Amino acid sequence: QTVVTQEPSLTVSPGETVTLTCASSTGAVTSGYYPNWFQQEPGQAPRALIYSTIYKHSWTPARFSGSLLGGKAALTLSGVQPEDEAEYYCLLYCGGSWVFGGGTKLTVL
Amino acid sequence: QVQLQESGPGLVKPSQTLSLTCAVSGVSISRDTSYWSWIRQPPGKGLEWIGLVYTSGGTNYNPSLKSRVTISIDTSNNQFSLDLTSVTAADTAVYYCAKEFHPWGQGTLVTVSS
């Protein structure tokens, strides 16, 4: 089965820009993998941020953006806020089934 | 506003079947073209997609769970369900249901233990 890989952890200071990535063991991620991104705070259900690579939900803050970068799906936070500290998961459609990445713990210091 | 609520036993014995239901409000499943998903998260670990069901009743399952999983839809009661057979301690997790991948229910913890 496909393995989806994310950075285990990232640390960023408030106001900085950070990019989280999502790679597939089968090769380059394309729009056909329909990348999704989710934010999960402790004790809460995940909340969808991005779908189909670039599209934001109505509640997604403008500082979040999705893209494809160097063969991976990417989530960029421009001007990180303290409340962005959370776990972030990507989700890819791989060979007919959906696969989550292992998650990135984003720390804002 | 679409809302989902998981329900079912919080404790299941090893080798038995885990059965959960997801009640949907705010939309009629029978009139919605979405698919309906189950996802789980073991304590302290990441998310795992279990599978999904279409309004038509068609399904798609995680290959690693496919032999043990059945997801069904009940349009008359506006809900869908998950059955996972032959459970072990490794199936202990918070189980979430979702409309496609948003919104999600609040999740329900199922512990597999004798």
Side-chain angles (χ1 to χ4, degrees), chain A residues 1-10 20 22-26 33-61 64 66 73 75 86-106, chain B residues 1-8 20 22-26 33-54 58-71 82 90 93-110:
Chain A
Q1 189 179 0
T2 303
V3 175
V4 176
T5 302
Q6 300 180 242
E7 298 86 1
S9 64
L10 291 170
L20 289 65
C22 176
S24 169
S25 63
T26 59
Y33 284 70
Y34 302 100
N36 283 254
W37 290 93
F38 302 86
Q39 179 191 62
Q40 186 178 34
E41 297 179 356
Q44 301 292 319
R47 181 176 72 141
L49 294 173
I50 301 288
Y51 63 99
S52 294
T53 309
I54 61 171
Y55 298 99
K56 301 179 187 182
H57 292 277
S58 59
W59 54 86
T60 304
F64 289 82
L75 176 70
E87 192 87 20
Y88 291 85
Y89 292 93
C90 68
L91 173 67
L92 301 180
Y93 186 67
C94 305
S97 62
W98 292 94
V99 184
F100 282 96
T104 296
K105 181 172 175 55
L106 182 67
Chain B
Q1 182 183 358
V2 180
Q3 292 184 313
L4 300 95
Q5 179 67 59
E6 304 89 351
S7 62
L20 296 174
C22 181
V24 179
S25 61
T33 58
S34 304
Y35 52 84
W36 307 88
S37 305
W38 284 100
I39 302 111
R40 69 180 182 179
Q41 185 171 35
K45 297 187 178 180
L47 300 169
E48 181 179 31
W49 176 71
I50 300 170
L52 60 84
V53 62
Y54 296 91
T59 55
N60 188 5
Y61 300 137
N62 184 326
S64 67
L65 297 171
K66 188 173 183 177
S67 64
R68 299 194 291 131
V69 170
T70 301
I71 298 175
L82 168 69
V94 175
Y95 285 76
Y96 296 100
C97 60
K99 177 181 183 289
E100 299 191 346
F101 294 108
H102 180 82
W104 297 47
Q106 65 184 25
T108 187
L109 175 63
V110 179

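Predicted, not measured: the structure shown is a model, and the values here were computed from it. Just so you know, these numbers use all the heavy atoms, side chains as well, and skip hydrogens, waters and symmetry mates.
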Nearest heavy-atom pair of [X] and [Y]: which atoms, and what distance?
{"X": "B:Leu47", "Y": "A:Phe100", "value": "O-CB, 3.4 Å"}
{"X": "A:Tyr89", "Y": "B:Gly46", "value": "OH-CA, 3.5 Å"}
{"X": "A:Ala48", "Y": "B:Phe101", "value": "CB-O, 3.9 Å"}

Using 0.5 Å steps for rounding, measure from the CH2 atom of B:Trp49 to the OG atom of A:Ser97. 5.5 Å
Using non-hydrogen atoms only, which part of B:Tyr96 is less than 4.5 Å away from chain A: side chain, backbone, both, or neither? side chain
Proximity breakdown for B:Gln41 and chain A, heavy-atom pairs closer than 4.5 Å: side chain
Between B:Gln106 and A:Gln44, is there a side-chain donor-acceptor contact under 3.5 Å, judged purely by atom types and distance? no
Return yes if some donor-acceptor pair links the side-chain N/O of B:Asn62 with the main-chain N/O of A:Trp98 below 3.5 Å, else return no. no
Do the ring planes of B:His102 and A:His57 sit parallel (below 30°), tilted (30 to 60°) or perpendicular (above 60°)? tilted
Could you check which of A:Gly103, A:Gly102, A:Pro46, A:Ala45 has the highest count of heavy-atom pairs closer than 4.5 Å to chain B? A:Pro46
Does A:Phe64, at its CZ atom, have more than 12 non-hydrogen atoms belonging to other residues, nucleotides or ligands within less than 6.0 Å? yes
Measure distances from A:Tyr51 to the heavy atoms of chain B and classify the residue's part below 4.5 Å as side chain, backbone, both or neither. neither
